[in-house]
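Proteins come first, then strands; the chains are lettered A, B, ... in the order of their sequence lines, and each starts at number 1.
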Amino acid sequence: MATCYFNLSVTIKLNHCHVAPFLVSFVFSKLYLEFMFNFLLQIQFAVAMPSFASLWNWACLWEEAKYEDGVKWKFLEHKGPHFPPEYQPLPDNVHFYYNGNIVKLSLAAEEVALFYAQMLDHEYTTKEVFRNNFFKDWRKEMTLEERMLITDLSKCDFGELHAMHVEKVEARKAMNKEDKLVIKEANQRIVDEYGFCMLDNHRERIGNFKIEPPGLFRGRGEHPKQGYLKKRIQPEDVIINCGKGSRVPEPPAGHRWKEVRYDNTVTWLASWTENVQGSCKYIMLNPSSKLKGEKDWEKYEVARRLKSCVDRIRLQYQQDLKSKQMVNRQRAVALYFIDVLALRAGNEKEEGETADTVGCCSLRVEHITLYDRLEGSDCVVEFDFLGKDCIRYYNKVPVTKRVFKNLKLFMENKEPGDDLFDRLNTGLLNKHLSSLMPGLTAKVFRTYNASITLQEQLRKLTAVTKLLSYNRANRAVAVLCNHQRAPPKTFDQSMANLQSKIEVRREQLTLAKSELTLAKKEVKGHCSDSKLLALVERKKKAVQRCEEQIMKMEVQATDREENKQIALGTSKLNYLDPRISIAWCKNMEVPLEKIYNKSQRDKFAWAVDMTQTDFIF
DNA sequence: TACCTGACTTAGGAGCGGAGTG
DNA sequence: CACTCCGCTCCTAAGTCAGGTA
């Protein structure tokens, strides 16, 4: 996808040190204008929520008996998953055409045709791979006669199906309030019935209680399987997991479950195997649940333990850069990247099954370029590869001489497509890490570096610009972790709108200024006329108002531009120990609602409960 | 040891609704 | 009142990692 290619050209200076925040200071010096603060104060954050009442007394829950090894719960009862509605056949006046002729499709073929028709506005349907995959799978759903007739996708006319879909979407948008309310209430009833479970005496929200509806597979990037049919899941495909002695959920009328099991060493309530990739899908609890909360807390505790031995580990891998064993040297360089650049581990992937993306251990020679000297720095490594979700990682990083020499060595006599770390894989790396500290894996470094960066930045930044400081720190972490987003579809348009608004205001300002000058002149003529004096005041105000509005809009434009391709949410939700933010809020007397929305507060309820102002990550 | 798979976390995008604005 | 914009929720793909198996 074209949208996957961004250029976040961040150059960082590493010198001889390891810590990621170098990146951060760069970002800070570059990104912001001081006056943005005023603006941010004005827009604030969304809605202030009513005072937060935690669902849990976490301090108390923490005292609840811990179960023996591997046991996740003692009691689990739920209603099973909610299934999507059955397919509704096309009305008689909507036709599919092949080669110009109306063809009445069988129900199965018609349903799949509609999946495609609904996506006609999407870029996917212009892609060769998508079209071919779709056509292949669609033909499998056809009857023999249909398959004999329909042999060429380009002769298919889905126009009427597409138009029907567009009409439906429009109609839904145009619905009146009452009808919308009816639908909303019906949805709420489904949530009430299926959206909760009982787990060890607590009523918990389920995260995804709905079975994924059928459709065409939408992989990310150049996915070789894009367009394949994602089949409708039947109760007969679903495994139910619940507690012995609980009420077993009823399958839909006329159906049975694939299996009912009672496994309390796992956290899922139901699972099925998805047909495109053959992987398992699960129904699990909401992040606000005790089970997930405890796990989250554990994750950050492991990262905090890393803090206490990270110096030792860094020393160790610096030593290993000189190792006689090639595998140890490769491990050391990989670890250096993971630590300093917050790269992901990079498991091997089956070729041809997924888009071609890499992480640290799976980097290939073609993904880095070495420069003895570049832009005033020695030993620069240029990274350019597609990471998770086909998000481009582009970075030019000065590294130590020793790392640089090793990289040269690793690249000797290799083709661009060869593995950079040919002796290394994530298993080996993680095995080594866990020997250095129990529970340590590659991804802990991301959590650790993200959280410590937030904490340091918050400490460094002045208290005067509270909220702005927080956002800056958050943004620094997002840059570190390479959390990007596609610029909103309407980005250029809305940017242009904003610019033209600014232009209009500028003209108004010019006008207002000249009117003011005129008014002032008149006053000079008849100095004591109170009406004229009032006019001058009015004109002054008008000028001032214009200037303020221009300033505000310019800040808005800058802010929007800076955030164009940076996503803050991912790090906030997954990498930043919430206790850092909560303690900061308390110390700075910033209401928590300014930082976390409702579901974030729910997710971090455990941290809200336990965090004192003196918390240090 | 390599390989496979299950379980769980991390990820960006779509779509919706409500607030702000003219 | 219509329209735009933006944050939130939902959705599900795509990672990580460990444990079992050949």
Of C:dA13, B:dC16, B:dG6, the nucleotide closest to the side chain of A:Glu212 is C:dA13
The nucleotide from B:dG13, C:dA14, C:dT16 with an atom nearest the side chain of A:Arg220 is C:dA14
Quick note, A:Lys292 side chain, CB onward, closest among C:dA13, B:dG18, B:dC8 is B:dC8
Checking B:dG12, C:dC10, C:dT9 against the side chain of A:Lys598 (C-beta onward), the nearest is C:dT9
Q) Above 12 or not: heavy atoms from other molecules or residues under 6.0 Å from NZ of A:Lys74? A) yes
Those residues at least two apart in sequence (or on a different chain) that pass side chain to side chain contact (heavy atoms under 4.5 Å, CB included) with A:Asn328 are A:Ser323, A:Gln325, A:Arg331
Hits for side chain to side chain contact (heavy atoms under 4.5 Å, CB included) against A:Ile183, two or more places apart or cross-chain, chain-then-number order -> A:Met175, A:Asn187
Contacts of A:Thr273 and A:Arg446 projected onto DNA chain B by closest heavy atom; the upstream (5') one is A:Thr273
Next item on the list: Would you tell me if any nitrogen or oxygen in the side chain of A:His483 comes within less than 4.0 Å of OP1 or OP2 on B:dA11?
Entry: yes
Any base atoms under 4.0 Å from A:Thr426, or only sugar-phosphate, or nothing? Heavy atoms, all strands.
nothing
- Base, sugar-phosphate, or nothing for A:Glu274, non-hydrogen atoms under 4.0 angstrom? nothing
NA contact type, A:Asn347, heavy-atom cut-off 4.0 Å: base, sugar-phosphate, or nothing? base
Measure up the A:Trp606 and A:Phe604 rings against each other and bin them: parallel (under 30°), tilted (30 to 60°), perpendicular (over 60°). perpendicular
Under 4.0 Å, heavy atoms only, any strand: does A:Lys230 hit a base, just the sugar-phosphate, or nothing? sugar-phosphate
**Request:** Give one of base, sugar-phosphate or nothing for A:Lys225, where a contact means two heavy atoms less than 4.0 Å apart.
**Result:** nothing
Scan A:Lys299 against the nucleic acid and name what it touches under 4.0 Å (heavy atoms): base, sugar-phosphate only, or nothing. sugar-phosphate
message: For a quick check of understanding: with a heavy-atom distance under 4.0 Å over all strands, which category does A:Tyr575 fall into, base, sugar-phosphate or nothing?
response: sugar-phosphate
- Under 4.0 angstrom, heavy atoms only, what part of the nucleic acid is A:Gly346 near: base, sugar-phosphate, or nothing? sugar-phosphate
* Asked: Is the distance from OP1 or OP2 of B:dT9 to the nearest side-chain N or O of A:Asn574 less than 4.0 Å?
  -> no
Ordered by number, residues from residues 434-444 of chain A within less than 4.0 Å of DNA chain C (heavy atoms) are A:Thr441, A:Ala442, A:Lys443
Does the ring centre of A:Phe385 sit less than 6.0 Å away from the ring centre of A:Tyr393? yes
The answer to which of A:Thr265 and A:Lys180 contacts DNA chain B further toward the 5' end, by nearest nucleotide, is A:Thr265
_So does A:Gln277 get a backbone contact from the side chain of A:Glu274, meaning a donor-acceptor N/O pair under 3.5 Å?_
yes
Side-chain contact check for A:Tyr282: nearest option of C:dG15, B:dG6, B:dG13 is B:dG6
Of the listed B:dA11, B:dT9, C:dT12, the closest approach to the A:Lys388 side chain comes from B:dA11
- For the residue pair A:Leu440 and A:Ser434, establish whether any side-chain heavy-atom pair is separated by less than 4.5 Å. no
OP1 or OP2 of B:dA7 sitting under 4.0 Å from any side-chain N/O of A:Thr267? no
Original post:
When you measure from the side chain of A:Arg305 to the backbone N and O of A:Pro438, does any donor-acceptor pair fall under 3.5 Å?
Top reply: yes
*asked:* Over all strands shown, is A:Pro287 touching base, sugar-phosphate only, or nothing at heavy-atom distances under 4.0 angstrom?
replied: nothing
Looking at A:Lys281, I'd like to know whether one of its side-chain N or O atoms comes within less than 4.0 Å of OP1 or OP2 on C:dC11. no
Report which part of the nucleic acid A:Thr357 touches: base, sugar-phosphate, or nothing (heavy-atom distance under 4.0 Å, all strands). sugar-phosphate
Distance test, side-chain N/O of A:Ser271 to OP1/OP2 of B:dA7, below 4.0 Å:
no
